[in-house]
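Starting from 1, each residue takes its place in the sequence as its number. All ligand and atom numbering here is 1-based and tracks the order in the structure.
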Amino acid sequence: MEFQNRCIFLVSLLSLALLGTLNAFKLVDSDSMTHHRITTAAILNITADVCKALAQQEGRDFVLAEDSLSVQNLSEACLFTDSVKAFQTAITVISGRNAWVDLRHALDEEYHFDDESFVRGRRLITRGLAAAKANIKQKNYQAAQLAVGEILHTLQDFYSHSNWVELGNRIAFSTLIRADLNFDNIADINTPTCRNCEGDNCDNNILETVIAEKKITSGYFSLTSSSKPNGKCSHGSSLDRTSKTEPRGGINKDAVDSEHGSLHAQAAQVAVTASSQLLQDIRGAAGDADFLRFLGISRSSTSSGVVLCFVIDTSSGTAGVLAELKRLAASVVSNVSDKPDVYILVPFNETSHGPLKKTSDSDEFLSEINSLSASGAGNSSEPRQSLSGLLLALAEAPSSSEIFVFTSGPPGDSHLESTLTALIENTKSAVNFLLTNLSSVQSGDLYRTLARVSGGQAIEITEQEFNQTLTIVTDALKSAQATLLQVVRNPGAPETFAFTVDASVRTLLVYVTGDSLTFTIISASGVGQRSRESVGRLGTIQKVGNFQTVRLTSPLQTGQWRININSARPYTLKAIGESTIDFFFDFVEVIQHPQPGFTVLNSRPQTGGNASLSVSVTGGSSVKVTEVTLSQVSGTDTVAGAVEQTATGDYLVTLSRLPEGAFSLQLKGENSSSSRASDMLFQRQSSTQLRTSAVAVTAQESGDWRPGSNLTVNFTVATANNAGKTVAIRPTNNRGFAMSYPSSLTLGSGGQAEDKGTIFAPADTPSGTAVTLVIEAVAPSGTDFNYVVMRLAVTAEETDVTPPECESVTVNANCTRNCTLRTWNFTAVVSDGRQGSGVGRVSVREARGTLNTTSLPGAGGFNVTLASFSTSCCSEEVVLVAADGVGNVGTCLIRSGGGGGGHTVSLLLPLWVSMVGLTLVKALHGS
Ligand SMILES: *[C@@H]1O[C@H](CO)[C@@H](O)[C@H](O)[C@H]1NC(C)=O
Ligand SMILES: *[C@@H]1O[C@H](CO)[C@@H](O)[C@H](O)[C@H]1NC(C)=O
Ligand SMILES: *[C@@H]1O[C@H](CO)[C@@H](O)[C@H](O)[C@H]1NC(C)=O
Ligand SMILES: *[C@@H]1O[C@H](CO)[C@@H](O)[C@H](O)[C@H]1NC(C)=O
Ligand SMILES: *[C@@H]1O[C@H](CO)[C@@H](O)[C@H](O)[C@H]1NC(C)=O
Ligand SMILES: *[C@@H]1O[C@H](CO)[C@@H](O)[C@H](O)[C@H]1NC(C)=O
């Protein structure tokens, strides 16, 4: 029931031929478009549009290296090379959630516009669109990505499953994203729409009356029943039983070989346009900067996309450390080379934790930190709510963040260990602990464990050493850092480790954490430096507490480096480099039916089974992944995967089994843009430790979640050979919302059980609030657990669905001669109507100039916005974009009138008919 894949170009054919894995899962070898490709094309298109507009405002040219749009050439043209990885991740999240609709809502007709479910299908879209806008307003970008991925699926299916394209339409149907427009001319239940297909020919099975009256219809679909209303079209395909009864055949355009496959390309093209339009509408509500952040993009001119996240102990007895910490925070903010985009702060003490503070303003962050105070001179060995504080941070920070926890005492909430582990595995964020004045070694054990599984450091320092920790924090916050090697040894033993430094690595840092250890680092050409040489031939070595940083001098020698560690105590080793080549990955669930695709697994993969990984690598089209292996962290078992390229930079890796215990992922590849063959090879590694589980957990929420109401979450657990035994259930959320759920489930004969729980959002929850819910299920043995991490959002009912309008426009233009020497201007009154939520953001597109807005009382007794704009006569038209308080977006096109010569001209032109938020402009002057 979906768009399929199309093998574009030689690249795909070539890669398949090179890899020789033609029998593996194929995402690239069909002639049709998939949801993934449609979604990616739309995201690249809108991003290019935004970037063009920004370039215009900044007075730059927008130049793409190649004609076609790709993540890489867009990032260069748009100056966001540091956030390529986050952008690519956003595309993966959106596209993965799009595919997820086929997994979780395969047979729910409104998700696919099957069975003429137009009104319900549109409701899904407009509801999700409002939710996404509310999420972005709250800076909950991941929640917004998920909402958008979901509704793009339904939107795209409209063009394949309805007769829109058969009616001759080649533009998007904007009614689908506008709750305020009448959705009429739908063929009602009594209107026959199809006749039987003639043999193989199915091109003309839609009735002429339907076409002539421009009635909208869609195909009926069922796997189980052949019945459908009289005379109705079917979806078609071998799976659809309804297509076997009269009128036989189908109308879907999912693939080139579908019943209406001859229109597949047209349908897919309109689906791309419609998807861009939906994104354009979100852009209007969010503004360009936040819209780009929603797509993971921070442009280097403003910030780096890095998040600074501090979780801070304010228990009694921490006054001294807190004073040091305030100094540290101030130095970090003024010294960090890549300005953080978001600052997150979570305080905790013996009796409470939070609230979490999130801001984009460094001064606000510092003043929040400076307002913290330790509650007294108590006993610093008292347990504290450090892990609860960390949980808030992990749930809020974007994936792959570096989080810092500062504490001076043991955790009082160690029951959260498994929940934190779940969030670490799910977000792949690294947790670094700075431990001061710990009263015993044991009190830091859990911190060390969490640091280890996340690939972070547990650094033990004295209060006096605090002033040496600045570089530890600023180093971790550099953008575009990739892990080359990560090793954990517990217990420790002397060992030599090798790692490859490729030509793309601009800086290299090696971290060694552990007590009483010495090491020697040896460059590719055999030059060595010992740990006690703080300044040596290779670089400098800084030691703070149990943590040593080797800062290698650039330019770096490429080739194989070694480090020889001598220690009998536990230690960790990590080599990181600034490089354009990095990667991210997820365990995925591969969907073969109805059409191929995959969606991210928010759980541990199954013990004893096979598994699939989606791997994306940044660095451009010259970068190829050749090898992906999973290796035990403390053991020798290694499993190599079958690597198949699915698109430029994207791979699907299939593994016949997974290692036991904790394992990590290593990736090797070639960068063909290197000049020397010996520099072509690169290696990267995941810093997060991964695990399998013998328990399977799935969960599914139902319906809207409004402030003041419960959300019902159904979940299933399964584990083989355990019938009759019980599985403990443990849900946790990051908002402190009340939950009601069974504490355990008894497994049925198949080793399975299902039940449901509820989570309550208080009435004062702001619309757009993102909630992370982790449901854990503990195996009967008690030693193994699995989880499902759910990203949910609370959204208020949309009461205002009407966009603002331009009520009157006055144009002053006399653009007769050389346009570069002359300007024109206009004044527009923008109103959201009496019932509206009020005019919010107003902006202009397609022109440079100064926009002034003022809010004033309007004639109707409510406030309107007066917008005035002046621009060069060379810009003949301006698009004025106005969003209201809840994100409904209206636009109007205003023209200078070209060579018109009139003193004051009022020009009132509707924007292209399919444009979102089409608004007719009424005249003040001249009417
Ligand atoms: C995006 O798509 C629109 C409509 O299909 C097109 O007019 C526009 O040129 C595209 N933008 C870019 C940058 O390709
Ligand atoms: C912990 O912090 C909370 C909130 O700031 C405060 O009310 C409480 O008194 C503190 N507890 C202790 C033991 O200092
Ligand atoms: C850190 O503070 C100590 C005294 O508390 C001082 O001796 C040392 O020089 C300081 N180091 C730095 C790098 O500022
Ligand atoms: C949740 O389970 C109930 C039965 O307990 C079922 O009626 C409902 O459809 C399920 N909801 C979802 C979204 O699966
Ligand atoms: C939410 O669910 C809880 C537990 O089932 C119940 O006690 C409460 O009344 C529900 N609240 C609302 C507003 O439905
Ligand atoms: C427009 O500008 C030209 C050149 O400055 C001038 O001659 C003409 O009178 C102007 N027309 C009006 C209507 O102001």
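The structure places OG of S70 at 9.5 Å from CD of Q88, a figure rounded to the nearest 0.5 Å.
Between H105 and Y111, the two ring planes are parallel [angle under 30°; tilted spans 30° to 60°].
Heavy-atom neighbours of E754 CD from other residues, nucleotides or ligands within 6.0 Å: at or below the threshold of 12. Within 6.0 Å of atom NZ in K326, more than 12 heavy atoms from other residues, nucleotides or ligands are found, so the atom counts as buried in its surroundings.
In terms of N/O distances under 3.5 Å, ligand 1 is approached by N45. Not a single N or O atom of K52, backbone or side chain, sits closer than 3.5 Å to an N or O atom of ligand 1.
A heavy-atom separation below 4.0 Å is found between S352 and ligand 2.
When each atom of ligand 1 is checked for a heavy atom of A48 under 4.0 Å away, the hits are 13 (C). For ligand 1, the atoms lying closer than 4.0 Å to a non-hydrogen atom of D49 are 11 (N), 12 (C), 13 (C). Interface atoms of ligand 2 facing N349, defined by a heavy-atom separation under 4.0 Å, are 1 (C), 2 (O), 3 (C), 8 (C), 10 (C), 11 (N), 12 (C), 14 (O).
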Q.
With side chain to side chain contact (heavy atoms under 4.5 Å, CB included) as the criterion, how do Q145 and F294 come out once you've worked through the C-alpha distance, each side chain's angles and the decisive distance to 0.1 Å?
A. CA-CA 7 Å; Q145 289 164 5; F294 150 71; 3.9 Å; yes

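Taking the six-membered ring wherever Trp is involved, the centroid distance between the rings of F348 and H353 does not fall below 6.0 Å.
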Note every protein N or O atom lying under 3.5 Å from an N or O atom of ligand 4, pairing the names and giving the distance.
| from | atom 1 | to | atom 2 | distance (Å) |
| --- | --- | --- | --- | --- |
| ligand 4 | 2 (O) | N714 | OD1 | 3.4 |
| ligand 4 | 2 (O) | N714 | ND2 | 2.3 |
| ligand 4 | 11 (N) | N714 | ND2 | 2.9 |
| ligand 4 | 14 (O) | N714 | ND2 | 3.3 |

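Evaluated for a side chain to side chain donor-acceptor pair (under 3.5 Å) with R283, the options D49, D288, T47 yield exactly one hit, D288. Among Y159, F113, F158, the one residue that satisfies the ring-ring contact (aromatic ring centres under 6.0 Å, His included) test with F173 is F158.
The shortest distance between side-chain heavy atoms of W100 and I591 does not fall below 4.5 Å.
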